Amino acid sequence: MRLSYEGRLVSYEEFLRWLQASKAFATEIVLSRFNIALPSLPTPKSLLLPQREELYHFLWGKREWKVIPLPPASEKVLLLLAPCEAKAVVHVLDEVFLKNAPPDSSYVVRRENLTLLVVGCTFFEATCFCTRVGGHPLSWEGGNCFALPLPFGVYLEGEGPEGRALEPLEKEELEKLVERLAKEALKPLPEKTPEYLYSAFEREVWEEVAWGCLNCGACTFLCPTCFCFDLALEGKLRGAMVRTWDSCMFPKFTLHASSHNPRANPLQRVRQRVLHKFSYFPLRKGKFGCVGCGRCVLACPVNWDIREAVERVVSCAL
Amino acid sequence: MTLREGARKLLEEKSVQGVLGYKRGSLPFRTRPYLFRNPQEVEELVFTPFCGTNLARYLLRLPGDFGKVAVVAKGCDSRALTVLVREHQLKRENLYILGVHCPGMVDWRKLAQWKDLKESEVAFEEGTILIRGVPHPLSSFLEASCKRCRYRSPLEYDILLGAEASPFPFEDHLAALWRLPKEKRWEFFAQELSRCIRCYACRNACPMCYCKECFAESHKPLFIHPSPTLRDNFVFHLGRAMHLAGRCVECGACERACPLGIPIATLFLAVAEIVREHFAFEAGASVEAPAPFVTYREDDPNAFIL
Amino acid sequence: MRCEGTYTPCLLPIEEIIEETRDIKTFRIRRPEDFVYLPGQFAEIFVPGVGEAPFSISSSPTNPTFLEFSIKRIGSVTQALHRLNPGDTIGLRGPYGKGFPLEELLGKNLLFVGGGIGLAPLRSLINYVLSPEHRESFGEVFVLYGARTPGDLVFRWEFPSWEKRKDLTLCLTVDEGDTSWSGRVGLVPNVLQEVFTRSCANWVGIVCGPPIMIKFTIKALREMGFEARRIITTLEMKMKCGLGKCGRCNIGPYYVCQDGPVFSYEMLVTMPEEY
């Protein structure tokens, strides 16, 4: 869904008043661009797939075990997030937890309670690459409403406070912005990227690509699309089944009880992360599993850059 | 001789199989570790105030039959190498230490407030950092561990290259923390550690964390739950602090690696400080000094030792 | 099976435990009415206070009263299971995964090749095929089953009922015999080429066992002329959710828990060798 130009303009004050009336959160990307006093989230998935979630309790009572399902704690929330982050929710998380049957019962509740306010981007940062993976700085696909901070006020589409129509000059400004962004945008990755990468699974280039990675989980934990989780029990005679984020970067992620490990070596784990986002997920769902927010690039302690990795392997496969 | 010339010479003479150093990263002010294998690549070798990654970490991952490798080493890197040699993780004869004087490592996150800042717009002069021509005191941009660094130049090296770096004041940010009552200190750590997402970046960046299986990820026995509760975050970080007592080389790699900016090095620096005080020992500062936790002396002055 | 919450198990008592070998036991549970499954599917078993793990169902869906799981003692969950007694409670959620492609097997002769505990998922299909309501839909049945030693053979209590039948050939082998063993000695893939001497036309090979046994059995089947699409195997990967969500059991773009665990060899060759 792209800008219709048919939206309305509200003043910053009015916009803030509306936010304050709702239970609003903003992701750090949005907060760093938009100076609003809202509680911040390191990544939008922390609302939908909290890092720690008790799924059910169990306890030993009066000679028998009991299992007590826990309905997810959830309330209506307004989340301000960048277009790439909204895409992560709609294209990836919804795909896995809603559309892939059966839907995840706690995700369903939290998702229904979530209103996505997509905040458009007026510039690209050094880490941004949304347009390489089919995104756009002004797209609000899947969102409930769209806000764009402009010098003369906040341009709004979808749900939200009333406002006035744009003046012709203001509309012109907006068009200029769209034009500038189009000029600055990076080209999309080749259409066959998922196939190219898949065909390069066994190439030696992965040695070189995977070299610097420390195999920590900073990238995957902060990634808005990484959804892998662990189910880990807590307690003996009473306790909980806890769902918590897990990472394909961790050596024990795929460790069998028999001690066999199909991805025992760091190279295999790096390859898994790249291919899951740029090959496996797209081959299944027809869209990239990466939204180009650049968080992983920024968070990486050693500046391991997934953009370079994809380009390097694709160039080998071509 | 410059660092590049030194590295090139080693590769040309084939006296090493590779030079472990830094090259420019994909973002301004970021550098990344790189193993230079041939002399033509050396053009890309850099050493700037943004080369914080402790390279000793990467030596542990080289294949056993790699042969001799040269490594660029600041003071803290050289301390890490010394400890790793003593702990039989590396062989000194397989190392060629290219010592460099450390100018103090700058926290690139602190430059984020200048929008679109380019590397060419930042310069360093004695004790100051010039950002778009405006001087600022360098010390306020340094990483926490660097501010209280005692050994900026390497203690152990095969060749020492480059110019000596200008001094900056020793600033002990731990002192303020020590002065706080116990409860306040606990509160400080509790607040910081409650943010930890246990991505293990700190551990994986640490040159001293080379256990094949970390206690934090052990299933049998299970020491901590994989989900990050404050309690288990404490167990993880305190457990690591105990493992690092007398071994931490105060490089600050952990803090630099933290994606959430938790000042985690504080904990390890504090432990190093305790070891310094009670055992007059600094990890990796001397090749011979006995390491406190693997040394038994009958005449140990400490009353708590039987 | 309906439970509140996607990952919440239903608690069920163990009816009976059969000691199969020194490290394998079969657990028999009363089958909940709404537990509808196909041979080859699996379920997650929850041991309160210990954890949860996926196991293939070794009983046939034609058995209306019981569910059976044959479980080898390997990790913490299986160790805890082995310590349980009849009457103790376990949690169950499932069934998960795709079972054997029954449609494709209709009218075919079936060659089952199992190794060790790998017979468990095959047994579900064997008993399904042998059941009076389905027997006519399938052709001949040939079962080759091997284990390390005679003491490692599972379901020995059931073999007499199979051997009695005229429509099934059962052939047992062990890697290493002992004084009690008068049967065949030899590795499954080698024995396979000795004992299965028929033309492979209209036969489908269904293989399950340890990875190395699967690998060499498939090789043998290929040499014997089996087409890639006529070889079926079931795979094992580390799993948590069983629902294609937790992200760890993928082999390339396929989730073993959702697209498998049953795969044809034709499919397998297109997948990266990372399992």
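Just so you know, these numbers come straight off a predicted model, no measurement behind them. First the proteins, then the strands, lettered A, B, ... as listed; each starts at 1.
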> Where does A:L255 contact chain B at under 4.5 Å (heavy atoms): side chain, backbone, both or neither?
Replying inline: neither
>> Using heavy-atom distances under 4.5 Å, tell me whether B:R203 contacts chain A through its side chain, its backbone, both, or neither.
In response: neither
> Can you say whether B:L35 sits under 4.5 Å from chain A via the side chain, the backbone, both, or neither, judging by heavy atoms?
Replying inline: both
> A:S32 versus chain B, heavy atoms under 4.5 Å apart: side chain, backbone, both or neither?
Replying inline: neither
> B:R195 versus chain A, heavy atoms under 4.5 Å apart: side chain, backbone, both or neither?
Replying inline: neither
>> Is B:Y58 in contact with chain A via its backbone, its side chain, both, or neither, using a 4.5 Å heavy-atom distance?
In response: side chain
>> Out of B:S227, B:G25, B:A253, B:P226, return the one with the most heavy atom pairs under 4.5 angstrom to chain A.
In response: B:S227
>> Need one label for B:L20: side chain, backbone, both or neither, based on atoms under 4.5 Å from any heavy atom in chain A.
In response: side chain
> Which word best sums up how the rings of A:W211 and B:Y34 line up, parallel for under 30°, tilted for 30 to 60°, or perpendicular for over 60°?
Replying inline: perpendicular
> Contact part of B:T53 toward chain A, heavy-atom cut-off under 4.5 Å: side chain, backbone, both or neither?
Replying inline: side chain
> If we ignore angles and hydrogens, is there a donor and acceptor under 3.5 Å between the side chains of B:T31 and A:N303?
Replying inline: no
> Picking from B:P228, B:C202, B:P28, B:G52, which has the most non-hydrogen pairs under 4.5 angstrom with chain A?
Replying inline: B:P228
